[in-house]
S.K.: 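Shown below is the structure under consideration.
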Number of protein chains: 2
Amino acid sequence: MTIRVIIVDDQAMVRAGFAALLAAQSDIDVVGEAPDGRKGVEVSRTVHPDVVLMDVRMPEMDGLAAARELLAPPVGVVHRPKVLMLTTFDVDDYVYEALRAGASGFLLKDAPPADLISAVRVVAAGDALLAPSVTRRLIADFARQRPAAPSGGPALRLNGLTPRETEVLELIARGLSNQEIAARLVLAEQTVKTHIGRVLAKLGLRDRAQAVIFAYESGLVTPGDA
Amino acid sequence: MTIRVIIVDDQAMVRAGFAALLAAQSDIDVVGEAPDGRKGVEVSRTVHPDVVLMDVRMPEMDGLAAARELLAPPVGVVHRPKVLMLTTFDVDDYVYEALRAGASGFLLKDAPPADLISAVRVVAAGDALLAPSVTRRLIADFARQRPAAPSGGPALRLNGLTPRETEVLELIARGLSNQEIAARLVLAEQTVKTHIGRVLAKLGLRDRAQAVIFAYESGLVTPGDA
DNA sequence: CTCGGCCCCCTACCCGGGTAGGGGGCCGAG
DNA sequence: CTCGGCCCCCTACCCGGGTAGGGGGCCGAG
C-alpha cells in the first residue's frame, strides 16, 4: 500500500525536487502539488493524500493557516491528512503553532534527503516527528519556560508577543527609530522603549538589529514588501 | 552524447532534488556533487563535467569565487567547464560578478524545473542564458546607470561597497555587535565602526537596523540561511 | 615616480537605544 | 468583587553605536 503525498511549496523547483526524490521510492506516490496554502487545501480535499508536505512560508495562505484548515476541517469534511511541516529555519513559535494545529512533524529543509523520506513514512504511520534541532529547541524552551499562559492561552501570537508588541516589532523592521515609532503610534517615546524592551526579552534578542533579523526570519516581514 | 553535470550547493536536499530532476533526463548525467565552492572546484577538476550548477551563497568558498577559480584556471589546468549560477534572488552585483567571471548563465532557483533542464542544455551547447527577471534587472540597471565607474571599473560591488564593507554589512545582518565583528575579523572595534560608517553613508542608511533591512531587501542575506 | 582607492587605526564626543524599577488605568475571566 | 494581562507612562542611568576628523601603509594604474 503506497503512501499518497502532496507537496505544497511556493517554489516550483523545490516541489519538483522533492517530488522526484519521493517518487523514486516504491512505497510513495506524489499525487498532487500546490504553490500556496489555499490551493494546497483545495488539492488536499480533492485527492485525499495521506501526507501533506507543507512549507511554512508561502503567499496567499501560509503553511500554518493551511495546516489549521486541514487539521480542523469544517463539518462535512471527513478527510484529515497528516501534515508534515517543512521549513528552512527553526523558529520556535512556528513549531508551537504547527504542533498546536495538530501537525505530525516538523522538518528542516536542509535535513538529509533520507530524513525526508523516512519522515514521510514515519508520519504516514501515525507517528510524530521532529528534526533533532527542533526537538532541542523545544526542550530548551520548555525548560526555561516561566508558567506564562497557564493553559489554553488566548491566541497564537508571535512568540507570545502582544498585538502592540508585534506592531512595534514590525515598525522596527521597517527601519523606524524609537522617536518615529512613537510619532506613528501616538505614544511617548518611553512607552516605545518599554514595548521594545519586552519584545527583546521575550524573543531573547539583544538589540533592534537582531529584532529586524527576527522579523525577516520569522516571516513577520518579507523582502520586497517594503 | 550525454551532458555531464555536477551540482554545487550547500543544502543536501537541494542537491538531491536537482540531481533527481536532472538525472531523469536521458541526455543528462549527474556525475558529482559538492557542498561548497572549494570542494566544488576539486570535484570539477576530478570529474571534468560539462556543466557546473553553482549556488551563489555557500560556506567556505562562495559560488562566485568558485566560478572565477574554474573559469580562470591556473596554468596546467586545461579543463574549463560551463558554469550555470543558481540563486534564490536576483541581486545585480551577483549577476555582474558572475558574468564577468565568465559564467554562462544565471538562473533563479524558483524558475520552473523545465527551465533548469533546458538551461543546462543551452549552456552545455555553449550558449549564454539568463533568467528573464535577471535580464530585466540587468537592463534596468544599465538604463539608470549613472556613469559611476567610467569604464572597466575595478569591480562590482554591492552599491559601491568594498569587499570589506560588504563583509561587515553581512555580519551586521547576522546580528553581531561591533565588538563581535571586530573579534571575528580580527580588527579594532574602531575600524569596524569606520567601515560601518562608510556603509551607512554609501547606502544612505541611518543605523545598523536599517542596514539589516537593506541586507535582506537586497538579497545579500536571505531568510532561512541563518 | 605619483595618485587614488582601500584598509586599518586613532581620539574625542554625543546621542539613541536599552535597562532597571517604578506607577496607573482598563478589561475580561473567574 | 479580585486578579492577571495588557497598555501606557515615568525617572534615572549607562553603554553601544555612530559621527567628525584625523593618520599611515599597501598596491595597482598611469
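In what follows, chains carry the letters A, B, and so on, assigned in the order in which the sequence lines appear, proteins first and then strands, with residues in each chain numbered from 1.
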S.K.: Could you list all N or O pairs between the protein and nucleotides 20-25 of chain C that sit under 3.5 Å apart?
M.R.:
none

S.K.: Can you tell me the distance, in whole Å, between the CG atom of B/Leu171 and the P atom of D/dG17?
M.R.: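 Computing the B/Leu171:CG to D/dG17:P distance gives 13 Å.
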
S.K.: Is B/Glu42 paired with B/Lys39 through a side-chain N to carboxylate O contact shorter than 4.0 Å?
M.R.: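 Looking at B/Lys39 and B/Glu42, the cut-off is not met.
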
S.K.: Just the rounded figure in Å: distance from P of D/dC6 to CD of A/Glu167.
M.R.: 15 Å

S.K.: Rounded to the nearest angstrom, tell me the gap between atom CG in A/Leu203 and atom C1' in C/dG18.
M.R.: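 Answer to the nearest Å: 15 Å.
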
S.K.: Take the protein atom CD of B/Gln210 and the nucleotide atom P of C/dG16, then report the distance between them rounded to whole Å.
M.R.: 14 Å

S.K.: Using 0.5 Å steps for rounding, measure from the NE2 atom of B/His195 to the CD atom of B/Gln190.
M.R.: 11.0 Å

S.K.: Counting only N and O atoms by type, is there a donor-acceptor contact under 3.5 Å from the side chain of B/Asp50 to the main-chain atoms of B/Arg4?
M.R.: yes

S.K.: Please determine whether the number of non-hydrogen atoms from other residues, nucleotides or ligands lying under 6.0 Å from atom CZ of A/Arg184 exceeds 12.
M.R.: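 Counting other residues, nucleotides and ligands, CZ of A/Arg184 stays at 12 neighbours or fewer.
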
S.K.: Using 0.5 Å steps for rounding, measure from the CD1 atom of A/Ile213 to the CZ atom of A/Arg208.
M.R.: 13.0 Å

S.K.: Sub-3.5 Å donor-acceptor pair from the side chain of A/Gln210 to the main-chain atoms of A/Arg206, do we have one?
M.R.: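 Yes; at least one donor-acceptor contact below 3.5 Å.
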
S.K.: For A/Leu205 and C/dT19, what is the distance between atoms CG and C1' respectively, to the nearest whole Å?
M.R.: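 My rounded result for the distance is 15 Å.
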
S.K.: When the axes are fitted on five pairs at both termini, how much does the helix from C/dC1-D/dG30 to C/dG30-D/dC1 curve, in 10° steps?
M.R.: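 The value is 40°.
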
S.K.: In whole angstrom, give the distance that lies between atom CD of A/Glu165 and atom P of D/dC7.
M.R.: 6 Å

S.K.: Name the residue closer to the 5' end of DNA chain C, choosing between A/Gly197 and B/Arg164 according to the nucleotide with the nearest heavy atom.
M.R.: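 Whichever sits nearer the 5' end wins; that is B/Arg164.
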
S.K.: Which atom names give the shortest non-hydrogen contact between A/Val51 and A/Val120, and what distance separates them?
M.R.: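 Heavy-atom minimum between the residues: CG2-O, 4.1 Å.
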
S.K.: Can you name the nearest heavy-atom pair linking A/Leu187 to A/Thr191, along with the distance?
M.R.: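 In terms of heavy atoms, the two residues are closest at CD1-CG2, 4.1 Å.
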
S.K.: Taking OP1 and OP2 of C/dG18, is either one under 4.0 Å from a side-chain nitrogen or oxygen of A/Arg208?
M.R.: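 For C/dG18, OP1/OP2 do have a side-chain N/O of A/Arg208 under 4.0 Å.
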
S.K.: Does any N or O in the side chain of B/Glu189 come within less than 3.5 Å of the main-chain N or O of B/Ala182, such that one atom is a donor and the other an acceptor?
M.R.: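 Absent.
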
S.K.: Determine the minimum heavy-atom distance between B/Val192 and B/Ile181, stating which atoms define it.
M.R.: CG1-CG2, 3.8 Å

S.K.: Which of these passes side-chain contact (heavy atoms from CB on, under 4.5 Å) with A/Phe214: A/Leu169, A/Val221, A/Leu220?
M.R.: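 Running side-chain contact (heavy atoms from CB on, under 4.5 Å) over A/Leu169, A/Val221, A/Leu220 with A/Phe214 returns exactly one hit, A/Leu169.
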
S.K.: Using only side-chain N and O atoms of B/His195, determine if any of them is under 4.0 Å from OP1 or OP2 of C/dC7.
M.R.: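 The answer is no; no side-chain N or O of B/His195 sits under 4.0 Å from OP1 or OP2.
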
S.K.: Consider the side chain of A/Leu200, meaning its heavy atoms from C-beta on, and name the nucleotide among C/dT19, D/dG17, D/dG18 that approaches it most closely.
M.R.: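 Within the option list, the nearest is C/dT19.
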
S.K.: I need the CZ-C1' distance between B/Arg206 and D/dG17, as an integer number of Å.
M.R.: 14 Å

S.K.: Would you please confirm or rule out a distance under 4.0 Å between OP1 or OP2 of C/dC9 and any side-chain N or O of B/Thr191?
M.R.: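 Checking B/Thr191 against C/dC9: at least one side-chain N or O falls below 4.0 Å of OP1 or OP2.
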
S.K.: Before you tell me yes or no, could you show the steps for B/Arg45 and B/Glu69 under salt bridge (charged side-chain N to carboxylate O under 4.0 Å, His left out), namely the whole-Å CA-CA distance, both residues' side-chain angles and the distance that decides it to 0.1 Å?
M.R.: CA-CA 11 Å; B/Arg45 297 226 168 112; B/Glu69 188 80 15; 3.8 Å; yes

S.K.: Quickly work out the A/Ile196 CD1 to D/dC9 P distance and round it to whole Å.
M.R.: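 Rounded to whole Å, this separation is 14 Å.
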
S.K.: Listed in order of residue number, which residues of residues 178-189 of chain B have a non-hydrogen atom at under 4.0 Å from DNA chain C?
M.R.: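 Of all residues in residues 178-189 of chain B, the ones placing a heavy atom under 4.0 Å from DNA chain C are B/Leu187, B/Ala188.
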
